[in-house]
Amino acid sequence: MNITLKDGTVKVYAEAKSIYDIALDISEGLARMACAGEVNGKVMDLRTVLETDCELNILTQKDADGIRTVRHTCSHVLAEAVKRVFPNAKLAIGPSIDEGFYYDFEADSFSREDLDQLEKEMKKIIKEGSRLEKYTLPRSEAIQFMKEKEEPYKVELIEDLPKEAEISFYKQGEGFTDLCAGPHLMNTKGIKAFKLISSSMAYWRGDSNKAQLQRIYGTAFATKDELNAYLEHLEDIKKRDHNKLGRDMKLFTTVDVIGQGLPLIMPKGVRIIQALQRWIEDLEDNEWGYIRTKTPLMAKSDLYKISGHWDHYKDGMFVLGEEEKEKEVFALRPMTCPFQYYVYKNEQHSYRELPLRYSETSTLFRNEDSGEMHGLTRVRQFTISEGHLVIRPDQVEEELTKCLELAVHCLTTLGLQDDVTYRLSKWDVNNKEKYLGDEAYWEKTQGKIREILVEKQVPFTEADGEAAFYGPKIDIQAKNVYGKEDTMITIQLDCAIAENFDMYYIDQNGDKIRPYIIHRTSLGCYERTLAWLIEKYAGKFPTWLCPEQVRVLPISDKYEAYAMEVEKTLKANGILSTVDVRSEKIGYKIRESRLDKVPYMLVVGQQEETDKSVSVRSRFAGDEGVKSIEEFINQICKEIRTKEIRKEEQQ
RNA sequence: GCCAAAGUGGCGCAGUUGGUAGCGCGUCGCAUUCGUAAUGCGUAGGUCGAGGGUUCGAGUCCCUUCUUUGGCUCCA
């Protein structure tokens, strides 16, 4: 057998030599780092690719697909350890994931002590150096095998595989065999550095009606150094976590008796949201042709019955009163659509008036399940830059494009443009009853959105079952520091609700025509955006967003009067400023200002008072030298006006 | 909603087998009047998330509940 490696080396093996030995031979030169083979771009088990003559690229643990293989094998080692320590545990599934792996078991919940014990057992298994060997069984024998082993979840998995399939297994030493498609390492010794991270509950097959399993998360790396670096990284990102940092910086807080998902935005947080809101409202109204509405925060249930929310979304609404008891039942609004529709319906509209772009800084209420709330990113009351565009069918493309452009403009201004991904969120053809409208409607609207994304050359993914119940969406997704993804901005195309409200305009011929509606936001909801900004900038916001833009620091009490004078001038120019009048040393005041992440410190003493100047120290450049008050004000006002994002000083 | 873990002065933590709460930073006061990341000394501040129970006695044990965290499931 001839194996050609990517570097051109040809290895010739006698037929008698086992696949396992060939693999070991090849990988020996790579310090036992080999974990999988890549043939024609396809990642395969080394043992599979070695069965024929081929040109082979050996993947090592330094390769993304290579380390995935290590993690996958590590999940099998975990499963073996669990079976050794807790023989009654039943195996479910154990794949590799982005930064590690998990394995689900039917078992009692695992404590940290259990995980530590399992880690020890895993180390033993790795040290034993079990070979992983692959073999296949016909379907019926595979089922029989797992029945004998009393692994009901495995039986179910096999039963769901195609009838004609050969079922592959990996045997790991003498004690453990698992249903698996691979690929895997040749030997457990290939695992050099791993760690069990946490455990939690997970539903079998992700279905909350099915059995509750215990999931163990872990990770593995090529070297101990890489693993330690990753674990340190996990500690580091906690420092950016908006839920921690935002509270520490007194941007928001929560109070037990007020309730879950109802954060209190503190004065400093309000300054940031206020800056965002003023910017967005002016931007939309003055530059993008929006008109502003202000509509009620609640309505009678009748409204939501027309919109379809009562049928499709009632569990998510805060309903005031019981239908059986009261004459009128109200509900807090979970969205603004129907309210703005009635603004439109207040008068008859000509085709010449469209598009009409309504926008509202809109507070919404959604009764999220108790386990869903998180910091500022998933709350029960939030405020969104929400808008609805009433447009003619021939305006769909242009207006959708503009909505997308506005969103990109907002993201770019905030410096978040490279931190988002775009998604075309479609309906789920297998769950049609969850949606309004028929297949033709969905195909048409989804197609229009796809065209625009392609036209604008925006890289995007498509996702089934992520649409709103009334129409498909462009969702602009962002990830938090832990990698969890949420929607930041959404642009939705709809005419299903418009139908329900009998929206129309009058065309050239005097006919009533159904308009399209675009539901959209320009920068999403303020709470969530604040959360992303906190994490993006680790609390060091661009100056225009800072709740405290300048802190004046007198060297001693003697210069307090001059410091107050400087502050007064700054405030007169609309700059958010304070004076630190405490009888502390200048070094101490500077340290505190830095910890509070104030962008500009103005140190004033004898010299500055004499020539009406300030000594500028910034977060961005350290000592910026002595400047006249006027010069500094010009500089910072320009920075605020242009919403400049200055590069932070390296520390 | 589900499975777990956690909750002690503003923040970070300690609190041994149940015996009546400590420490550091911060706050406040006094002294210091200082030139670019921490001046010194002193003071106050907690019914240990809430409610109930066991006990002579509960921060410690039990039950209920609220909130927070990590996941799962949801997410217009």
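By convention in this document, chain letters (A, B, ...) are assigned in the order of the sequence lines, proteins followed by strands, and residues within each chain are numbered from 1.
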Within the 4.0 Å heavy-atom criterion, would you say Gly471(A) contacts the bases, only the backbone, or no part of the nucleic acid? nothing
Could one point to a donor on the side chain of Arg215(A) or the base of C3(B) with an acceptor on the other under 3.5 Å away? no
Using a cut-off of 4.0 Å on non-hydrogen atoms, how would the nucleic acid contact of Gly206(A) be classed: base, sugar-phosphate, or nothing? sugar-phosphate
Of the listed nucleotides C34(B), C3(B), U67(B), the one nearest the side chain of Ser556(A): C34(B)
Side-chain donor/acceptor of Tyr559(A) to base of G35(B), under 3.5 Å: no
Closest to the side chain of Asp557(A), out of G71(B), A37(B), U33(B), is U33(B)
Output the distance between atom CD (Glu360(A)) and atom OG1 (Thr336(A)), rounded to the nearest 0.5 Å. 5.5 Å
Measure the distance from CE on Met201(A) to P on G70(B) and round it to the nearest whole Å. 15 Å
Looking at Phe101(A), is Arg71(A) sitting on its ring face, NZ or CZ under 6.0 Å from the six-membered ring centre and within 45 degrees of the normal? no
Any donor-acceptor pair under 3.5 Å joining the side chain of Glu592(A) to the base of G26(B)? no
Specify the separation, in whole Å, of atom CZ of Arg591(A) and atom P of G35(B). 19 Å
Ring geometry between Phe469(A) and His312(A) (parallel below 30°, tilted from 30 to 60°, perpendicular above 60°): parallel
Gly371(A) vs Val616(A), nearer the 5' end of RNA chain B by closest nucleotide: Gly371(A)
Look at the side chain of Asp623(A) and the base of U36(B), then say whether one donor and one acceptor between them are separated by less than 3.5 Å. no
Taking 4.0 Å as the cut-off, does a side-chain nitrogen or oxygen of Arg582(A) come that near to OP1 or OP2 on U32(B)? no
Distance in angstrom units between Phe252(A) CZ and U67(B) C1', rounded: 14 Å
A quick test of your reading: do over 12 heavy atoms of other residues, nucleotides or ligands sit less than 6.0 Å from NZ of Lys627(A)? yes
Identify the residue among Arg617(A), Arg646(A), Arg619(A) that makes a salt bridge (charged side-chain N to carboxylate O under 4.0 Å, His left out) with Glu624(A). Arg646(A)
Considering every strand and a 4.0 Å limit on heavy-atom distances, what is the contact class for Gly587(A): base, sugar-phosphate, or nothing? sugar-phosphate
Does the side chain of Lys250(A) get closer than 4.0 angstrom to OP1 or OP2 of C11(B) through an N or O atom? no
For residues Phe541(A) and Cys546(A), report the shortest heavy-atom separation together with the two atoms involved. O-SG, 3.2 Å
At under 4.0 Å between heavy atoms, what does Glu372(A) touch on the DNA or RNA strands: base, sugar-phosphate, or nothing? base
Ignoring backbone atoms, test whether Ser583(A) places a side-chain nitrogen or oxygen under 4.0 Å from the OP1 or OP2 oxygen of U33(B). no
5' precedence on RNA chain B between Phe365(A) and Glu608(A) (nearest-nucleotide basis): Glu608(A)
Base, sugar-phosphate, or nothing for Thr490(A), non-hydrogen atoms under 4.0 angstrom? nothing
Report the distance from atom CZ of Phe110(A) to atom P of C3(B), rounded to the nearest whole Å. 16 Å
Name the pairing partner of C48(B), where a pair is Watson-Crick or G-U wobble with both distances under 3.5 Å, or state none. none
How long is the line joining CD of Glu624(A) and P of U36(B), in whole Å? 17 Å
Under 4.0 angstrom between Arg205(A) side-chain N/O and C72(B) OP1 or OP2: no
Does Arg333(A) make a cation-pi contact with Phe339(A) (under 6.0 Å, within 45 degrees of the axis)? yes
Assigned partner base of U54(B), Watson-Crick or wobble definition, under 3.5 Å: none
Side-chain N,O (His374(A)) to OP1/OP2 (G70(B)) below 4.0 Å: yes
Would you call the rings of His519(A) and Tyr470(A) parallel, tilted or perpendicular, where under 30° means parallel and over 60° means perpendicular? parallel
Pairing partner of A5(B) (Watson-Crick or G-U wobble, both distances under 3.5 Å): U68(B)
OP1 or OP2 of U68(B) sitting under 4.0 Å from any side-chain N/O of Gln260(A)? yes
NA contact type, Gln492(A), heavy-atom cut-off 4.0 Å: base, sugar-phosphate, or nothing? sugar-phosphate
Would you indicate what Gly622(A) reaches in the nucleic acid, counting non-hydrogen atoms under 4.0 angstrom: base, sugar-phosphate, or nothing? nothing
Looking only at side-chain N and O atoms, does Tyr588(A) come under 4.0 Å of OP1 or OP2 in U32(B)? no
Presence of donor-acceptor pair under 3.5 Å, side chain of Thr254(A) and base of U68(B): no
Under 3.5 Å for both donor-acceptor distances, Watson-Crick or wobble: does U20(B) have a partner, and if so which one? none
Here the distance between atom P of A38(B) and atom CD1 of Ile586(A), to the nearest Å, is 12 Å
Using a heavy-atom cut-off of 4.0 Å across all strands, would you classify Lys473(A) as base, sugar-phosphate, or nothing? sugar-phosphate
Write down the distance between NZ (Lys244(A)) and P (C11(B)), rounded to a whole number of angstrom. 9 Å
When the C1' atoms of A6(B) and U60(B) are considered, how many whole Å apart are they? 16 Å
Watson-Crick or G-U wobble mate for G42(B), both contacts under 3.5 Å: C28(B)
Measure CD/Glu368(A) against P/C74(B) and give the value in whole Å, please. 13 Å
When the P atoms of U55(B) and G18(B) are considered, how many whole Å apart are they? 16 Å
